[in-house]
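A short worksheet on the structure shown next.
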Amino acid sequence: MSSDQEIIDSIALTRLNYFSLAGLLQLYRRLGSAREVIEHRKDIRDILPDAHPRLIEALQHIDEPLKRAEVEYAWDQRHGVHVLCLNDPDYPQRLKEVDDAPLVLFYKGNTDLNQRHVIDIVGTRRCTTYGQDIIRHFIKELKAYCPEVLIVSGLAYGVDICAHRNALENDFPTVGVLAHGLDDLYPAAHRETAKKMINNGGLITEFLTQTRAEKVNFIRRNRIVAGMSDATILVESAFKGGGLITTGIAQDYGRDVFAFPGPVINAPYSEGCNNLIRDGGAGLISSAEDFVKAMGWQSDAVLYEAKRKGIERQLFVDLSPEEELIVNALKEKDNQQMNMLTVKTNIPIGRLTALLFQLEMKGVVKAMAGGVYHLLS
């Protein structure tokens with residue numbers, strides 16, 4: 001958890017993002033905190049020789065942004081908003097990896113943004129009956145195949161709101177990424193759904209209060225939708241559209257992209273999906289089963305049922321010699337990826353995958369974001 005001063009400093013720096021977000025991120029990552037960036041504002045060239053001149057100039061006038069940040073943080077505290085700085089452990093770790101991650105996120109909700117699986121569902125604002133049926137069947141089926149997933153979208157009309165509402169109906173946590181501050185809600189017609197999401201998911205934005213929902217902000221928020229997810233699913237899209245922007249960003253981030261084909265070849269609101277599939281930009285799926293198999297998440301339903309029946313954790317766990325090797329490797333150094341564990345234990349990847357699954361069922365280890373395994377005490 002970041003200190004109050006670090007939060008205020010980070011918010012102040014976000015006021016300078018419009019000059020050079022990439023430059024600010026480089027400074028932040030090299031110096032380790034917003035406070036250090038501000039304290040070194042006089043010698044930025046020594047730290048980042050190619051820093052943008054306008055960024056350097058803006059840092060010399062940080063006093064006004066700091067005052068604005070204090071007002072913003074006071075509002076956040078009064079309204080139950082969590083301010084997540086880039087180095088905060090609750091910040092979406094998948095998003096943190098990207099080159100244009102926001103320095104700060106404002107989050108109101110109750111779910112873990114770093115759940116084992118996170119997907120986003122995007123598409124046209126003119127979602128047809130065909131698209132609505134796809135979303136309804138996909139999310140209902142997903143509950144059986146992979147019960148623990150965070151579903152992300154943009155709370156817009158069409159595909160977005162349909163995804164959020166079906167997620168809630170199937171008891172999936174769902175997060176809406178906004179193109180404005182948390183003091184408002186656009187579109188207002190989705191206010192009741194947004195209230196439900198705060199109790200099972202939440203609302204998140206990089207924008208301060210008093211920020212209007214302008215067109216450019218919707219494009220900026222798409223990178224958050226894609227960046228905090230393992231995979232992007234395009235349901236319906238015309239030849240051009242915001243959903244295609246999100247899938248393009250996801251591709252740039254190296255994330256998985258999938259699309260549903262149209263009901264017929266020339267369906268106008270599936271043209272973008274069909275073209276994306278044709279050009280190799282997305283994997284074709286027609287069901288949640290297709291998606292889960294493509295992602296390699298088939299074992300989740302078994303694991304979920306084991307946890308539900310209360311065998312997640314045993315007081316005295318019987319471990320095989322190979323399982324002991326894995327546990328000892330994690331005791332020596334916790335939170336390791338599978339490729340490191342296979343080196344440490346000399347167990348082949350295929351066999352290691354099966355053993356890690358067994359250890360999860362026994363409640364000994366937990367799979368974290370990014371393929372990292374954590375040893376449970």
Show, in sequence, the C-alpha distance, side-chain angles and deciding distance for Tyr157 and His190, and conclude whether the ring pair (Phe, Tyr, Trp, His ring centres under 6.0 Å) test is met. CA-CA 8 Å; Tyr157 290 109; His190 297 164; 4.9 Å; yes

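- For the side-chain contact (heavy atoms from CB on, under 4.5 Å) with Ile204, the qualifying choice from Leu182, Val152, Leu113 is Leu113, the only one to do so.
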Evaluation steps, side chain to side chain contact (heavy atoms under 4.5 Å, CB included), between Asp9 and Leu66: CA-CA 7 Å; Asp9 292 341; Leu66 282 169; 3.4 Å; yes

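- Judged by the 6.0 Å and 45° rule, Lys366 forms no cation-pi pair with Tyr373.
- Using a 4.0 Å cut-off between charged nitrogen and carboxylate oxygen, Lys196 and Glu192 do not count as a salt-bridge pair.
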Let's go through His82 and Asp90 carefully: what are the C-alpha distance in whole Å and the side-chain angles of both, what is the deciding distance for side-chain hydrogen bond (donor to acceptor under 3.5 Å, both in side chains) to 0.1 Å, and is it a yes or a no? CA-CA 10 Å; His82 305 283; Asp90 292 331; over 6 Å; no

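- Taking the centre and axis of the six-membered ring of Tyr28, the NZ or CZ atom of Arg35 falls outside the cone set by 45° and 6.0 Å.
- The hydrophobic cluster containing Leu341 also contains Ile349, counting ILVMFWY residues as joined when their side-chain heavy atoms lie under 4.5 angstrom apart, directly or transitively.
- For Asn274 against Pro261, the heavy-atom pair with the smallest separation is OD1-CA, 3.5 Å.
- When each of Glu70, Glu72, Arg68, Lys67 is checked for a side-chain contact (heavy atoms from CB on, under 4.5 Å) with Ile8, only Glu70 meets the rule.
- Comment: Glu57 does not engage Arg54 in a salt bridge, judged by the lack of any side-chain N to carboxylate O separation of less than 4.0 angstrom.
- Placement of Ile62 and Leu25 within a single hydrophobic cluster is found when ILVMFWY residues are connected by side-chain heavy-atom separations under 4.5 Å, directly or transitively.
- At a threshold of 4.5 Å between non-hydrogen side-chain atoms, the residues Asp76 and Phe106 count as touching.
- By the 4.5 Å heavy-atom criterion applied to side chains, His40 and Leu27 are not counted as neighbours.
- When the side chains of ILVMFWY residues are joined at heavy-atom separations under 4.5 Å, either directly or via intervening members, Ile135 and Ile233 end up in a single hydrophobic cluster.
- The one candidate from Asp120, Thr246, Asp256 that meets the side chain to side chain donor-acceptor pair (under 3.5 Å) condition with Thr232 is Asp120.
- The side-chain contact (heavy atoms from CB on, under 4.5 Å) test with Ile121 singles out one residue from Ile134, Asp160, Ile139, and that residue is Ile139.
- Ion pairing of Glu322 with Arg351 is present here, as a side-chain N (NZ or NE/NH1/NH2) and a carboxylate O approach within less than 4.0 Å.
- With respect to the salt-bridge test (charged N to carboxylate O, under 4.0 angstrom), the residues Arg255 and Asp230 do not qualify.
- Nearest heavy atoms, Ile11 versus Val104: N-CG2, 3.9 Å.
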Derivation and outcome, side-chain hydrogen bond (donor to acceptor under 3.5 Å, both in side chains), residues Thr211 and His180: CA-CA 5 Å; Thr211 302; His180 53 78; over 6 Å; no

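- Electrostatic pairing of Arg223 and Glu206 counts as a salt bridge here, judged by a charged N lying under 4.0 Å from a carboxylate O.
- In the hydrophobic clustering of ILVMFWY residues, with side-chain heavy atoms under 4.5 Å counting as a link, Tyr186 and Leu208 come out apart.
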Kindly indicate, with the supporting measurements, whether the criterion salt bridge (Lys or Arg N to Asp or Glu O under 4.0 Å) is fulfilled by Glu289 and Lys293. CA-CA 6 Å; Glu289 182 179 10; Lys293 285 181 178 178; 3.1 Å; yes

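- Distance alone, capped at 3.5 Å, is enough to place a donor-acceptor pair between the Asn217 side chain and the Arg212 backbone.
- Applying the salt bridge (charged side-chain N to carboxylate O under 4.0 Å, His left out) rule to Arg136 yields the partners Asp133; only residues at least two apart in sequence or on another chain are considered.
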Test log, rule salt bridge (Lys or Arg N to Asp or Glu O under 4.0 Å), inputs Arg30 and Glu36: CA-CA 10 Å; Arg30 290 185 187 185; Glu36 286 295 312; over 6 Å; no

